[in-house]
2 protein chains.
Amino acid sequence: MNKEITPCRDLLERNGYRFTAQKQRILEEILIANTHLSVKEIYERVKEKHIGIATVYRNLKCFETLGIVKEINENGMRYYEKRIYSGQPLHIHFKCFICNCIIDIDDYTSDLEYLKINRKIEENSQLEIHDANIMLIGICPKCREDKEKCQGQPNIDV
Amino acid sequence: MNKEITPCRDLLERNGYRFTAQKQRILEEILIANTHLSVKEIYERVKEKHIGIATVYRNLKCFETLGIVKEINENGMRYYEKRIYSGQPLHIHFKCFICNCIIDIDDYTSDLEYLKINRKIEENSQLEIHDANIMLIGICPKCREDKEKCQGQPNIDV
DNA sequence: TTTAATGCAAAGTGTTTGCACTATA
DNA sequence: TATAGTGCAAACACTTTGCATTAAA
């Protein structure tokens, strides 16, 4: 069993949740994937064991409440990824506006810079900032290559 | 007529779209609001003139493609706000995880800092970054006040 | 006059809920 | 054994689509 599961189990039980086979199964997939998964992707990976989609939704919401996973909203879809408890406290995503792919950006230095800004915003406002969702938008390397050939882009020039 | 509309009209026509009364009406609401609006909110404000929800969706998508408005995905909902062409190139939002309200953060210095980091990420990767969606998550001042009395929080302590 | 855009309703997709049943603590 | 959790199906909410009609260029 994935050793990352034990602290999750503790967290669940300490909050009065039961650590069911379904919870374990769903959690395992998220931990193994180590990237964002859509609800559908998670369901596809666990449904063979008679786990219903409602259970997937219910447990994802539970995991989110406890901070075990993080929800990413993009294009009307929900993605989930594990939240890292120590070390890297935020996770930057990049979305290509041509092919709509989502790429994880793992740049520790940039993460730290972002956090510094957040601290500053916190000081200047009455807000208490716990987390940040950062989605950069642009063109991925693959689509960039194809750009020369393709003339399908809108005529933007304000 | 709102003078911000003229460049939008030009942009639409240059891209082969017709500048209909519906487009103008929807656009006006977004420009007047000067903050994020949900699809429902936009529809509520224009429906009196027989504008159907499908038209609202179709036009918002069109505006988004041309970069006139910006889409924000949060909690499975879509919000739209005008994209500012000059000056402030990105817009930071804050979401309270207790009451789910969304607050606009207008901090020009932080915006610039964020942009600097994006340039650095761009240099270190093969990505072309055009824009950024930044959603800070935490507790708003109002909920912060109420926190002392309320014991409803999950027992998180990993 | 041509054809993009619209309104409406129906269909599609993603998410939640009610309820009888199951399995955990 | 008490009750949180589950699977299923039905309900719900948001979004898209087909089609006849309207109106912008």
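These numbers were taken from a predicted model, which means no experiment stands behind them. Convention: sequence-line order gives letters A, B, ...; per-chain numbering from 1. Scope of the values below: all heavy atoms of this structure, side chains included, with no hydrogens, waters or symmetry mates.
Atom NZ in A:Lys23 sits roughly 9 Å away from atom C1' in D:dT6 (whole-Å rounding). The distance from atom NZ of A:Lys47 to atom C1' of D:dT6 is 18 Å, rounded to the nearest whole Å. In this structure, A:Arg25 atom CZ and D:dG7 atom P are separated by 12 Å, rounded to whole Å. Across the protein-nucleic acid pair, B:His50 atom NE2 and C:dA5 atom C1' stand 17 Å apart, rounded to whole Å. In this structure, the CG atom of A:Leu60 is 15 Å from the P atom of C:dG14, given to the nearest Å. B:Glu64 has its CD atom 11 Å from the P atom of D:dT16, to the nearest Å. Atom-to-atom, CG of A:Leu12 to C1' of D:dA4 comes out at 13 Å; the value is rounded to the nearest Å. Rounded to whole Å, atom P of C:dA4 lies 15 Å from atom CG of B:Asn15.
Scored by the side-chain hydrogen bond (donor to acceptor under 3.5 Å, both in side chains) test, B:Ser38 finds B:Glu41 as partners (sequence neighbours excluded). In this structure A:Glu81 satisfies the side-chain hydrogen bond (donor to acceptor under 3.5 Å, both in side chains) test together with A:His91, A:His93, sequence neighbours excluded. The salt bridge (Lys or Arg N to Asp or Glu O under 4.0 Å) test applied to A:Lys47 returns A:Glu44, not counting sequence neighbours.
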N/O-N/O pairs, protein side and nucleotides 21-25 of chain D side, under 3.5 Å:
residue : atom : partner : partner atom : Å
D:dA24  : N3   : B:Arg18 : NH1          : 3.2
D:dA25  : OP1  : B:Glu13 : OE2          : 3.3
D:dA25  : OP1  : B:Phe19 : N            : 3.4

Report all interatomic pairs (protein N or O, nucleotide N or O of nucleotides 15-17 of chain C) with separations under 3.5 Å.
residue : atom : partner : partner atom : Å
C:dT15  : OP1  : A:Arg78 : NE           : 3.4
C:dT15  : OP2  : A:Tyr57 : OH           : 2.1
C:dT15  : O5'  : A:Tyr57 : OH           : 3.0
C:dT16  : OP1  : A:Lys61 : NZ           : 3.2

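Side-chain proximity of B:Ile51 to C:dG7, C:dA5, D:dT6: nearest is C:dG7.
The 5' end of DNA chain C is approached more closely, in terms of each residue's nearest nucleotide, by B:Gly16 than by the other of B:Gly16 and B:Lys49.
When ring centroids are compared, A:His130 and B:Phe97 come within the 6.0 Å threshold.
Donor-acceptor pairing under 3.5 Å is lacking for the side chains of B:Asn15 and B:Glu13.
Looking at heavy atoms from C-beta onward, B:Tyr80 lies out of side-chain contact with B:Ile72 at the 4.5 angstrom threshold. Using a 4.5 Å cut-off on side-chain heavy atoms (C-beta onward), A:Asp131 and A:Arg83 make contact.
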Check residues 48-58 of chain A and write down every donor-acceptor pair under 3.5 Å in which the side-chain atom is one partner and the other belongs to a residue at least two apart or another chain.
none

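B:Asn59 has a side-chain polar atom (N or O) that falls below the 4.0 Å cut-off from OP1 or OP2 of C:dT6.
Nearest heavy atom pair, residue A:Tyr79 against residue A:Glu74, reads CE1-O, 4.1 Å.
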